[in-house]
Amino acid sequence: MSRLFIIPTGNSDSIAANAPISSIIALPHPSTAVPTRYLVTRSPLAIHELTIIDHPAPHSTLISPPTRSDSDDTSTTTATSSPASETSPAEQDTGAVMSSAKLHIATPVTPFLFLLRVLLQHEPQYRTWDDISDCLQLEAPACRHILSLLESGLDKVTDTVEPAAGLRCYRLSREKLFRTLSSRIARMANNLPEILAQTHVTNKLAPVRFDERTPDEMYDRARRQVAIAILAGYLPASLAKEFVSKFESEKRMLDEFASGLEKARAQEMMRQMMAAGAAGNGSKRRFEDEDGDETSKNKKKNANASNGVRKLKKADTSGMSKLTTFFAKK
């Protein structure tokens, strides 16, 4: 079965060489430890989280060969069929149609995140890399080649000691971990996906009136809070709680400002509803006044009629001929 992946451009050299560029392996999710599938690219060596985008109705996908302008493009992604693709190299050169429109979006994941759960379990103690890698339980042959990638991220989140020559031991350093994560907040905040920025920043902090303006500082804080939440989503629960708590005062200020906007919106809505109600009541009173005037006129007219006329109006005229019949031609 053919599968279509959108992967970082760095793998384009391997694609051109028709070399095996990737494999899909199962790793415990950094936060939940639930086995999750990841795409591992080998040139360069990297682990990617997979997000699958599918259409509810049957669709197909047309894969066209790259044009000259495409080959010179500096975009950040490259589309490629998986190693199990049914399309031949010749078909890939001339274009092909896939029976599925399902896309696998590959996003790089920082390797040290997969080590945190094991390091947290043995936090008070120093452990050798062999002990740590054994706890990862990466037994499948496809998993073994990422061990060097995981080991390369240890120094960013651990303290190290060398009890003997050539022997290094590692222990989780929360200070290093949080400093490393904090250094990424600004970059993530400035590159949020449009849908996240619209939902959690723009809509949340939109001013109540068109002539008002939300301070840029609040927009920056809102973007940072989204980035912090994303990073916390890749941490074990205890580490995530501690990491988020370091930005509690910043979050409190943002929440107070957002709460004030919510109250102002509610008050503005109430004011508009009352204004609309007052306008409606005014129209109703105007119509009632006109009806009242007409009724008063009729009452006044009846009051001016003589007593005899009023009695005649009350007389029973059923069975009597109309007055006009006496003047009809004979």
Taking all non-hydrogen atoms of both residues into account, name the closest pair between [X] and [Y] and its distance.
X: R213; Y: P207; value: N-CB, 4.3 Å
X: L113; Y: P30; value: O-CB, 3.5 Å
X: L177; Y: F112; value: CD1-CE1, 3.8 Å
X: L261; Y: A206; value: CD1-O, 4.1 Å
X: A106; Y: L39; value: CB-CD2, 3.8 Å
X: Q225; Y: F247; value: NE2-O, 3.9 Å

Determine, stepwise, if the pair K156 / L181 fulfils side chain to side chain contact (heavy atoms under 4.5 Å, CB included).
CA-CA 10 Å; K156 297 179 180 179; L181 294 174; over 6 Å; no

Hey, any chance L167 and L154 share a hydrophobic cluster, counting ILVMFWY side chains that come within less than 4.5 Å of each other, even indirectly?
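Looking at the clustering, L154 is in a separate group from L167.
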
Connected via hydrophobic side-chain network under 4.5 Å: V201 and I195
yes

For the residue pair R127 and Y170, confirm or rule out a side-chain donor-acceptor distance under 3.5 Å.
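R127 vs Y170: no donor-acceptor pair found between side chains.
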
Is it the case that the side chains of T128 and D131 hold a donor-acceptor pair, with the cut-off being a distance below 3.5 Å and no angle test?
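Present: a donor and an acceptor within the cut-off.
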
Could you check whether any side-chain N or O of [X] sits under 3.5 Å from a backbone N or O of [Y], counting only pairs where one atom can act as donor and the other as acceptor?
X: S31; Y: L235; value: yes
X: S245; Y: E242; value: yes
X: T214; Y: L205; value: yes
X: N203; Y: Q198; value: yes
X: S183; Y: T180; value: yes

With a 4.5 Å limit on heavy-atom distance, are the side chains of [X] and [Y] in contact?
X: I146; Y: L27; answer: yes
X: I25; Y: I47; answer: no
X: M270; Y: M274; answer: yes
X: W129; Y: C169; answer: no
X: L192; Y: R223; answer: yes
X: I24; Y: V40; answer: no
X: T158; Y: L119; answer: yes
X: I228; Y: S182; answer: no

Give the intermediate values and the outcome of salt bridge (charged side-chain N to carboxylate O under 4.0 Å, His left out) for residues E175 and R179.
CA-CA 6 Å; E175 180 182 355; R179 185 167 61 243; 3.5 Å; yes

Gap separating the [atom1] atom of [X] from the [atom2] atom of [Y], nearest 0.5 angstrom:
X: S152; Y: L147; atom1: OG; atom2: CG; result: 11.0 Å
X: N190; Y: M188; atom1: CG; atom2: CE; result: 11.0 Å
X: E162; Y: T160; atom1: CD; atom2: OG1; result: 7.0 Å
X: T107; Y: I7; atom1: OG1; atom2: CD1; result: 12.0 Å
X: L50; Y: T36; atom1: CG; atom2: OG1; result: 10.0 Å
X: L172; Y: Y126; atom1: CG; atom2: OH; result: 10.5 Å

Check whether more than 12 heavy atoms from other residues, nucleotides or ligands sit under 6.0 Å from atom NZ of K176, and answer yes or no.
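Correct, the count exceeds 12.
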
Any chance you could lay out the side-chain hydrogen bond (donor to acceptor under 3.5 Å, both in side chains) test for T110 and R184, step after step, and finish with the verdict?
CA-CA 11 Å; T110 303; R184 304 183 179 201; 2.5 Å; yes

Which is it for R174 and F178 under the side chain to side chain contact (heavy atoms under 4.5 Å, CB included) test, yes or no, and what are the steps along the way?
CA-CA 6 Å; R174 296 182 181 230; F178 295 148; 3.9 Å; yes

Electrostatic pair R221-D216, nearest N-O below 4.0 angstrom:
no

Begin from the C-alpha positions of D255 and K251 and carry the test salt bridge (charged side-chain N to carboxylate O under 4.0 Å, His left out) through to its verdict.
CA-CA 6 Å; D255 289 345; K251 183 177 184 299; 2.9 Å; yes

List the steps, then state whether side chain to side chain contact (heavy atoms under 4.5 Å, CB included) holds for D155 with R168.
CA-CA 11 Å; D155 289 337; R168 298 190 70 186; 3.6 Å; yes

Could you walk me through whether E123 and R171 pass salt bridge (charged side-chain N to carboxylate O under 4.0 Å, His left out), step by step?
CA-CA 6 Å; E123 186 176 6; R171 181 181 68 182; over 6 Å; no

Please check if the distance between the ring centroids of F243 and Y234 is under 6.0 Å.
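For F243 and Y234, the ring centres are not under 6.0 Å apart.
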
Where do E262 and R265 land on the salt bridge (charged side-chain N to carboxylate O under 4.0 Å, His left out) test, with the steps shown first?
CA-CA 5 Å; E262 286 293 333; R265 291 191 190 100; 3.2 Å; yes

Apply side chain to side chain contact (heavy atoms under 4.5 Å, CB included) to V157 and L115, showing your working.
CA-CA 9 Å; V157 296; L115 303 173; 5.6 Å; no

